[in-house]
There are 4 protein chains.
Amino acid sequence: MKNEVGEYCGLCGVIGAGESISALVAEGLFAQQHRGQEASGIATLDGTGEILLQKKNGLVSELMLDFPEEMRSEDILAGIGHVRYGTFGGSSVINAQPILVRMADIPVAIAHNGTISNAGVIRRSLQRKGHIFQTNTDTEIVLHLMSRELEDTDYNIEKCLQLAISKLEGAFCLLLLVPQGMYVIRDSMGFRPLSLGKIAGGGWIVASETIAFPVTDAEYVREIVPGEMLFFPINGDKSCCEPVSSISGRELQLFPESGKRHAHCIFEHVYFARPGSYVFGDRVYEVRIEMGRQLAREFPADCDMVMPVPDSGMFAAMGFARELGLPLDMGFTRNHYVGRTFIDPGHATRAAMVMRKLQPIPEAIKGKKVCVVEDSIVRGTTSKARIKALREAGALEVHMRISCPPHRHACYFGIDFPEETSLIANKYSVDEIRDILNLDSLGYMSVDGMLSCISAHPPENYCTACFTGDYPVVPPVKESNRRGRQI
Amino acid sequence: MKNEVGEYCGLCGVIGAGESISALVAEGLFAQQHRGQEASGIATLDGTGEILLQKKNGLVSELMLDFPEEMRSEDILAGIGHVRYGTFGGSSVINAQPILVRMADIPVAIAHNGTISNAGVIRRSLQRKGHIFQTNTDTEIVLHLMSRELEDTDYNIEKCLQLAISKLEGAFCLLLLVPQGMYVIRDSMGFRPLSLGKIAGGGWIVASETIAFPVTDAEYVREIVPGEMLFFPINGDKSCCEPVSSISGRELQLFPESGKRHAHCIFEHVYFARPGSYVFGDRVYEVRIEMGRQLAREFPADCDMVMPVPDSGMFAAMGFARELGLPLDMGFTRNHYVGRTFIDPGHATRAAMVMRKLQPIPEAIKGKKVCVVEDSIVRGTTSKARIKALREAGALEVHMRISCPPHRHACYFGIDFPEETSLIANKYSVDEIRDILNLDSLGYMSVDGMLSCISAHPPENYCTACFTGDYPVVPPVKESNRRGRQI
Amino acid sequence: MKNEVGEYCGLCGVIGAGESISALVAEGLFAQQHRGQEASGIATLDGTGEILLQKKNGLVSELMLDFPEEMRSEDILAGIGHVRYGTFGGSSVINAQPILVRMADIPVAIAHNGTISNAGVIRRSLQRKGHIFQTNTDTEIVLHLMSRELEDTDYNIEKCLQLAISKLEGAFCLLLLVPQGMYVIRDSMGFRPLSLGKIAGGGWIVASETIAFPVTDAEYVREIVPGEMLFFPINGDKSCCEPVSSISGRELQLFPESGKRHAHCIFEHVYFARPGSYVFGDRVYEVRIEMGRQLAREFPADCDMVMPVPDSGMFAAMGFARELGLPLDMGFTRNHYVGRTFIDPGHATRAAMVMRKLQPIPEAIKGKKVCVVEDSIVRGTTSKARIKALREAGALEVHMRISCPPHRHACYFGIDFPEETSLIANKYSVDEIRDILNLDSLGYMSVDGMLSCISAHPPENYCTACFTGDYPVVPPVKESNRRGRQI
Amino acid sequence: MKNEVGEYCGLCGVIGAGESISALVAEGLFAQQHRGQEASGIATLDGTGEILLQKKNGLVSELMLDFPEEMRSEDILAGIGHVRYGTFGGSSVINAQPILVRMADIPVAIAHNGTISNAGVIRRSLQRKGHIFQTNTDTEIVLHLMSRELEDTDYNIEKCLQLAISKLEGAFCLLLLVPQGMYVIRDSMGFRPLSLGKIAGGGWIVASETIAFPVTDAEYVREIVPGEMLFFPINGDKSCCEPVSSISGRELQLFPESGKRHAHCIFEHVYFARPGSYVFGDRVYEVRIEMGRQLAREFPADCDMVMPVPDSGMFAAMGFARELGLPLDMGFTRNHYVGRTFIDPGHATRAAMVMRKLQPIPEAIKGKKVCVVEDSIVRGTTSKARIKALREAGALEVHMRISCPPHRHACYFGIDFPEETSLIANKYSVDEIRDILNLDSLGYMSVDGMLSCISAHPPENYCTACFTGDYPVVPPVKESNRRGRQI
């Protein structure tokens, strides 16, 4: 078991939206399924103040297969949901989110996107005071920190929450469901995206990506501001949740932001977010095409055609091809049914391992100088195999362009990259990588070029630590495994 | 959800018994399945100090169906198991036992039989200090109490355990598995049985009932003494766990017993334990036959034959018939496949409701004066229906003899009786009950008569509170539901 | 896979009994669960002429757990059910019953108790004509024989059924559900029991054992006569199924019985049927007690007490003890939760293997000369281990009395005995068996003595072939495995 | 239940390919999962002549999750697999394929792609002769026809198969597994594709689409010729299956092709096959781009950009844009996790229903004249909603081009179109459809234009009946539901 696991995830919370709250949360999660396929969960609040939870290892569609009737009920007033990304095996559903506990007798559910970087320190401190943790998530510490304040605050959940959050460092977007309503919190540096939408028929939605809004009939209102905490109270009249303040609830400016830099994750634009989403105030579609254009300006290619690695390289490839006036072609055909690997490597052919997901179309490639546009190279093993497959399919030359700089450093704020030493660019120069991958040429975008494609916030408000090593906050020290300590 | 649920259960722990620890724990539980059919669980300790847990709503046989291979491994050094009784619906497997947590990073598993009567008070006190509970069991408070002492004791688990236990009141037999070995604890009043056995091939077994010993090739050694705490350390050599002291481990006399009365549950002998077990030093078989004889001396019956309510009334009926020189007959045939009720009452016939489990055999009954011997009458509804069925099957007269006094009071020490007001003898006199049940005569055994059948301990060492209301410790006050408290 | 498997089973059919047909069938099966624990199934006929089927490997209670709502509907007009006995592993649910097929487009469901002794011959003959079988059951041939007659009889199902049955030999009680109603058939020799009951609120029930009647509020009417075929038509008015003739349907005397001997299975009385049932016109309770008395007359024992092997030896032991004026005691305590063996023999202790189900109670046995009464000895291995356990528990002498003659021959008519060569009495004399089992004395009842306990039919109407080898019809020749035949 | 269901499916058979036969079949199916997502199945033949079957409702990845160890064994010599398309609800796994039966005692497994158009006539004829069918598939009749010939052919499976196939009409690609090896059959008109590949390490693969070859390390050899039947015998040496004749087995020219026209399904090229496959000797990638070009020549569009409906319209859109020199853009973002619909329509918003799978990217569309390229319009409802969504996203004009002619007629040869009367082009002219869909212009490709994009076979060898109504064989007459026929 890994301790203090932080993860790339998707959040969705809905309140005051009539009789189909669970369906709306599910739709919102479903649109964000790309942010996490390992586990899905929804917690709902009903009119009696009770919170119910359903979570499962698997996709939202699997979660909904046996979704409890009582959680679909018209009596549901609010709901929060979570999809979780995770590549390590054997993950217990106990680490899935939302997490539901009772503090004293008050039910509280929480869902989290990001990584609380001082979670390990806090956890051990709480354990020394006698706290027993149910999960390995960093999320759970928020609940324990809250719980410790219950008595001193005279059971005021909001004060407990404020006190708890004031102790956290790192990246965290949080949704909490309590008997009184829903809390929405974003850390003061704004690592991960979180946006507010207004549902056409009434009610509010909060989601990591705005791609969740059209499918829930919601209009984009604004980002949750870094350092903001919003409260959406439930009303007796379930069909309409009137927020406390004019826009979106009782606003609480949690953190004095004076002098604090923001640190939006630029990799959301490069890779993670869906092209239909607003993220950090910019449209991913536009940013990604512009990244392709900028890449072409920095590293043009002498080739017959440009082909994306589908689907992630699609829009950068379009921008790249347009900027250079080159034809775009789909040289790979993608198998949409690839999911969990189901045949043990010992039994599968080498061909299957490489081509199960993406298979070259020889007619598109044969006798051509091709330029492959991809969003990133992590370990390099997959890229190497694909380039080999392209050459076997008859490519005369294979060039590659990457729509971000080389990944050289670990992320401590929510992206599940492998260890630094596994990153190919951590060990090798671009020229060496080109040779290792057997490419005719290789070009990575510059940091400045990448940031020039953004328009909503100034470049210094983005975190580029995975490229530069310049971490916006001190990353946590890795700690040795403490199990087996002498008693 | 019920808070602070205490339950009738069965325990089994095995250590130092070679390569089949899990199988032995399973056999021991299996022999005690009558003590709990709702949930079953086993936790095992392996040579790396890791504890694994498997639990399930269902019988031990169901638990073992998908028992993990790694928990069957030869590397397993010790194991504790639990079967849980519970009649209330919707019980989550989360409340099943053993409960496994990590305190700081130390794995601890616990299994409990009994009811900690001050659990509610402790739980709320801990909640006010920020503790978050995972279950509704009273058992979990032991772990939280231990966890709070970790730092002060410099992570000495044994001291933590002693400190935790010193705060408990009520009935508790506890088994704990920690990386260092197995702890066995019995409360100072000895409410519930717990015995120690020596396994023929080496190693030790602890079980609620000694019926678990023959099937595990173990010999009865002695009772765990009320107030005793034993520790069984694991050895590097898994085939032989040499206990610290001469008999059975490093003995710790936890509680100063001076002046404290014992309070063994007499209902174990009347009903719960299996006739092949030693309980509180007496053989259930002998006690139960003697109870039948004593009942006959107190309330003989003028009848043609004596019939037990199978199987619980069997031995008392034998004693009753022998004392009076009357023939014993099986007037009811029992369906061994009756388990959870599977047909909703609205659809089942009245006949099915009464006779699904026990069905009169008309040939045995017709034209006869029958005397039914039963161990107890709780609500009276089932008895009433059965007596009606006997009359419909042609009985001339129906007499009933109960091998204990009338149940008039709740049990706070581990027996899951209904509320006092549901007990027929709480509201009605014996004559009234006789009339309500439409009996020709009804006789309950006297308290003194019942206690006269015991020989291992003096009568004052038994708890008879469910008959007399004379509770050996002050029972907990019922508390209102605290959910929904304003914040 | 075994071909042509015949099995010991239980049947229940209900028609015209209002709104809870499925619940009544389930109750009827449930009361007969002892006749088969491997698989359970129910087929229902609704008002549109459609037949639905639910079957499962497992008990009736497991079947009912996810019983389809539409099969519980008030619209159900008739239902047939089956419980199946089987000890061989890996049995596919495809061989469970009822079997439902469409002949042309007519749905037909069938349930069968017994063994069609010429099934192999018929099956191969049909296969040569192109028939493809879905199951390995002998039951399925009835459907194929029927199907072949569809065209010639102008799709008259009843004529098809008559023609099919006229080709069958051996033991068969059959229930069929067709869009027009329910057919009930018993072979002309009456090997297996089948009885008719009238449900108090209206409607009919047919069951292998009458123990199914009280729980369904039904009164015993009579046996289905050997060679009889009854038809129960459905009516438009679902609450009342008026039979065609005065008693129980349109009666069809299928088989001219002139000169044909009957062959009721005596082992139903010895072992299989429940003591509360009528079987072949006699009450099992009375027959079994009388068998004990007769056994005592043939082989009295000089002992201190008589103990049954519970539960099957209970009533014979009572008769035996009464006849000799000896005390009856329960020297074994039975674990009611023994089901499928769950611990692989390699891991279980020898003690567990012997005592998991029945465990000696030393107090009952120690220092005594005991006489164990059992219904039969098959292989002898279990008996040998139990006798050893009794001696280890302190018995001075162990005597054994068996309430039927030695089993020396296979059964081809529905009892799943092992191969003849595995039967201990097939290879050894009674004296040798006594020595092998380490008994002080052993007595088996005589064939004539056994038959003298019956009163409803003359002795020559019973099949005693498993004792005598005198088969009422020629048993089928065993055939070699035909798989892998050259093409 | 639908009778005689024919379906769009994918086949894969592997023989003589060493130790990972099942893995290769699974990879081959997996690459063809787009041909069927409802059910998946694999049957394997081992060295003892036994055939084992595993099938499941679900994807190949789900099938492999609990794939039996014995079917993964190195002892497996050959395997056939099937993926099945089906949109109607409640489909039983019994209708999944392969179908495995025993004929007499010979195991035979069959998998089928296509629709046997005279299946209904044959089925009813067999039913009148007494055959009982296990499934509702047309495939099963092949087995029954074979089974009827067993005796006359002296159990020669190959002769049985030839005789059976000679009675079939319509579209059928068949794989059969028998103890002697694997049979491969394609109907004489060649409706559906079926190709042969040679596996690098030895052995043969047969698949509906050649996309299965690269992932199994196989090279394309040739199409299975219409009317061809191939036999691949198993050898004792499992690592190498030497075919009987030089190329690919013992060839049998089953059907005299003289004068028979071929009827390859043109819709495979338009929509169904993956762009990386050879189908009917042509590369789908090239045909589909050429279709886009031809469409542009027939119906150019005056617009700012061309956008495909992903993914099926991708390649036609590329050809269309290239021919006209227009920019290609991705105006829709696709959710890759859309599977079975999981929220009941009553609860989902209208927005969710339309946009769950494809969501417009406003930045790509706003203020533009867009031309959407799609492969077909069936009912028109989805297209209408998507066009509305494009207009709401700000499109100035919406034009649509379809890369095939209007679908006006049912398919009786394997494509699961809805009833003719549900096809929008069956009821409306192109102008009317344009108005119904609220398009600025609409263009469908001509039949001749479509066929001009093909090069491997002459145009008259393609079936275009769904566009023209010119069926290559007489389609089956629809028959009334025959259930409930009087008996």
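- Residues D:His131 and C:Ser147 share a closest heavy-atom pair of O-OG, 3.9 Å.
- Side-chain contact between D:Ile132 and C:His144 is present, with at least one heavy-atom pair separated by less than 4.5 Å.
- Of the atoms belonging to D:Leu145, not a single heavy atom falls under 4.5 Å from chain C.
- Minimum heavy-atom separation, D:Phe133 to C:Gln134: O-NE2, 3.6 Å.
- If you measure heavy-atom distances from C:Leu126 to chain D, you find no contacts under 4.5 Å at all.
- Using a 4.5 Å heavy-atom threshold, the side chains of C:Leu150 and D:Lys129 count as separate.
- A distance of 11.0 Å separates CD in D:Gln127 from CD in C:Glu151, rounded to the nearest 0.5 Å.
- A 6.0 Å sphere centred on NZ of C:Lys56 holds more than 12 heavy atoms belonging to other residues, nucleotides or ligands.
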